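Contents: one structure, followed by commentary.
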Amino acid sequence: MPELPEVETVVRGLQAQLPGRRIVEVRFGKTDFVVNPAAIEQHLPGRRIGAVRRFGKFLLVECSAADPAGRRDAAAGAATKRAVGRATKGAVEQATKGAKENDALLVHLGMTGQLTIAAASAPVAPHTHAFFALDDGREVRYTDIRRFGRMELLRNGERERALGALGLDPLEANEEEFSRILGSRNARVKALLLDQHVLRGVGNIYADESLWRARVHPMRTGDALRPEEVRRLYRALQATLREAIRLRGSSVSDYVDAEGARGEFQLRHCVYQREGKKCFRCGAKIRRAIVAGRSSHFCPRCQKAPRKRHGSSKK
DNA sequence: CTTACGGCCTGGGTGC
DNA sequence: TGCACCCAGGCCGTAA
């Protein structure tokens with residue numbers, strides 16, 4: 001399941017390969033996951049790729065302005081070089097400064113989406129539904145078994161609509177911000193961690209792993225957390241995400257990076273998909289329960305359940 | 001407004 | 001061999 005660390009890993013892989021390359025052709029298989037495939041087919045061929053960045057679990061592939069066939073190569077290359085240095089920050093912030101936004105391909109990998117770079121002659125994996133042929137004989141391919149992913153071309157002025165409602169990046173937020181947005185909420189902390197309008201990029205794996213690490217039960221509510229618990233959760237979340245990025249993500253089912261390689265953080269999971277196994281900290285059996293509509297894995301001894309549930313609407 | 005919940009999308013894996 | 005069913009995560013609609 002691509003969450004923040006997996007998307008970050010894919011972004012870094014693409015960022016290392018794509019800037020400066022020209023897209024020469026776009027081909028689609030099934031298109032039910034694409035917002036406006038005709039617009040993509042019409043506008044992307046001929047464009048040069050700029051920076052590739054992550055925004056929560058979304059990927060943005062920036063493209064140059066339309067550039068009449070083959071001219072201005074040197075200028076485009078120079079612009080690309082400048083873009084390389086500042087990869088992941090401020091896709092929306094940049095937009096609000098009034099500067100013209102580059103067109104960008106927005107991709108969400110859903111559960112089983114993969115973006116890989118391959119030689120155009122390489123065998124095509126099943127369920128590959130989009131091909132972006134490059135000017136060097138390679139192509140970027142989008143493979144998605146379940147097609148829960150999403151793809152859309154964002155043109156000038158569309159980023160705010162697409163991304164503006166997303167919450168804080170958990171790696172950029174400071175402790176005060178984190179505490180403010182969680183501490184004011186009566187919802188279960190598991191639901192808050194998963195809510196992309198609260199924090200952008202956290203999914204089920206990293207929510208469960210962080211809660212275990214912080215020794216916070218997923219059914220606790222945000223406003224019932226003691227300050228030291230919020231602090232532990234903040235630190236656990238960042239440490240978990242950073243370690244997962246270092247290990248190139250968790251490959252629990254289909255996830256691979258831009259080179260097609262699996263990650264290794266699944267080998268470090270302490271609770272996720274470890275139901276019935278021993279807690280690494282205390283030896284109790286890890287349990288699974290549905291919280292916020294999602295499978296939640298936790299240690300019933302290390303992570304103390306809340307006694308009761310305050311009504312959310314009644315008093 | 002906030003929160004909770006159910007349904008939907010799809011197809012791989014499982015169990016009979 | 002086939003087939004019904006469960007499940008994954010994001011998102012949206014609805015209800016309280």
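Just so it is clear: chains get the letters A, B, ... in the order the sequence lines come, proteins before strands, and each one is counted from 1. On a predicted model such as this, the values are computed, not experimentally measured, just so you know. Keep in mind that the numbers below use all heavy atoms, side chains included, and drop hydrogens, waters and symmetry copies.
Counting any heavy atom pair closer than 4.0 Å across all strands shown, D144(A) reaches no nucleic acid atom.
Atom P of nucleotide dA16(C) and atom CG of N186(A) are separated by 19 Å, given to the nearest angstrom. Distance H197(A) NE2 to dT3(B) C1': 14 Å, rounded to the nearest Å. In this structure, D195(A) atom CG and dC1(B) atom C1' are separated by 14 Å, rounded to whole Å. Straight-line distance from the OH atom of Y255(A) to the C1' atom of dG9(C): 17 Å, rounded to whole Å. If you measure from atom CG of D254(A) to atom P of dT10(B), you get 17 Å, rounded to the nearest angstrom. Put simply, NE2 on H129(A) is 11 Å from P on dT10(B), counting in whole angstrom units. Following rounding to the nearest Å, K190(A) (NZ) and dG9(C) (C1') show an atom-to-atom distance of 11 Å. If you measure from atom CD of Q196(A) to atom P of dC12(C), you get 12 Å, rounded to the nearest angstrom.
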Listing time: all N or O pairs from protein to nucleotides 2-8 of chain C that are below 3.5 Å?
residue : atom : partner : partner atom : Å
dA8(C)  : OP1  : S295(A) : OG           : 2.8

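Taking the nucleotide of DNA chain B with the nearest heavy atom to each of L192(A) and D32(A), the more 5' of the two is matched to L192(A).
For dG12(B), one of the phosphate oxygens OP1 or OP2 lies less than 4.0 angstrom from a side-chain nitrogen or oxygen of H127(A). Using a 4.0 Å cut-off, some side-chain N or O of R185(A) falls inside it from OP1 or OP2 of dT3(B).
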- Would you please test R155(A) and E158(A) for salt bridge (charged side-chain N to carboxylate O under 4.0 Å, His left out) and show each step? CA-CA 6 Å; R155(A) 311 207 64 203; E158(A) 294 187 320; over 6 Å; no

Acceptor/donor pairs from residues 106-116 of chain A side chains to any protein atom, 3.5 angstrom cut, sequence neighbours excluded:
residue : atom : partner : partner atom : Å
H108(A) : ND1  : G110(A) : N            : 2.9
T112(A) : OG1  : D144(A) : OD1          : 2.5
T112(A) : OG1  : I145(A) : N            : 3.4
T112(A) : OG1  : R146(A) : N            : 3.0
Q114(A) : NE2  : D254(A) : O            : 2.6

Under 3.5 Å, which donor-acceptor pairs link side chains of residues 265-273 of chain A to any protein atom two or more places apart or in another chain?
residue : atom : partner : partner atom : Å
Q266(A) : OE1  : S251(A) : N            : 2.8
Q266(A) : NE2  : G263(A) : O            : 2.9
R268(A) : NH1  : E243(A) : OE2          : 2.4
H269(A) : NE2  : S250(A) : OG           : 2.8

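Counted by atom type alone, R147(A) and H127(A) present zero donor-acceptor pairs between their side chains at under 3.5 Å.
The number of heavy-atom neighbours closer than 6.0 Å to CZ of R232(A), taken from other residues, nucleotides and ligands shown, is above 12.
Between H217(A) and F298(A), the distance from one ring center to the other falls under 6.0 angstrom. Here the two rings, on F131(A) and F28(A), have centers that are 6.0 Å apart or farther.
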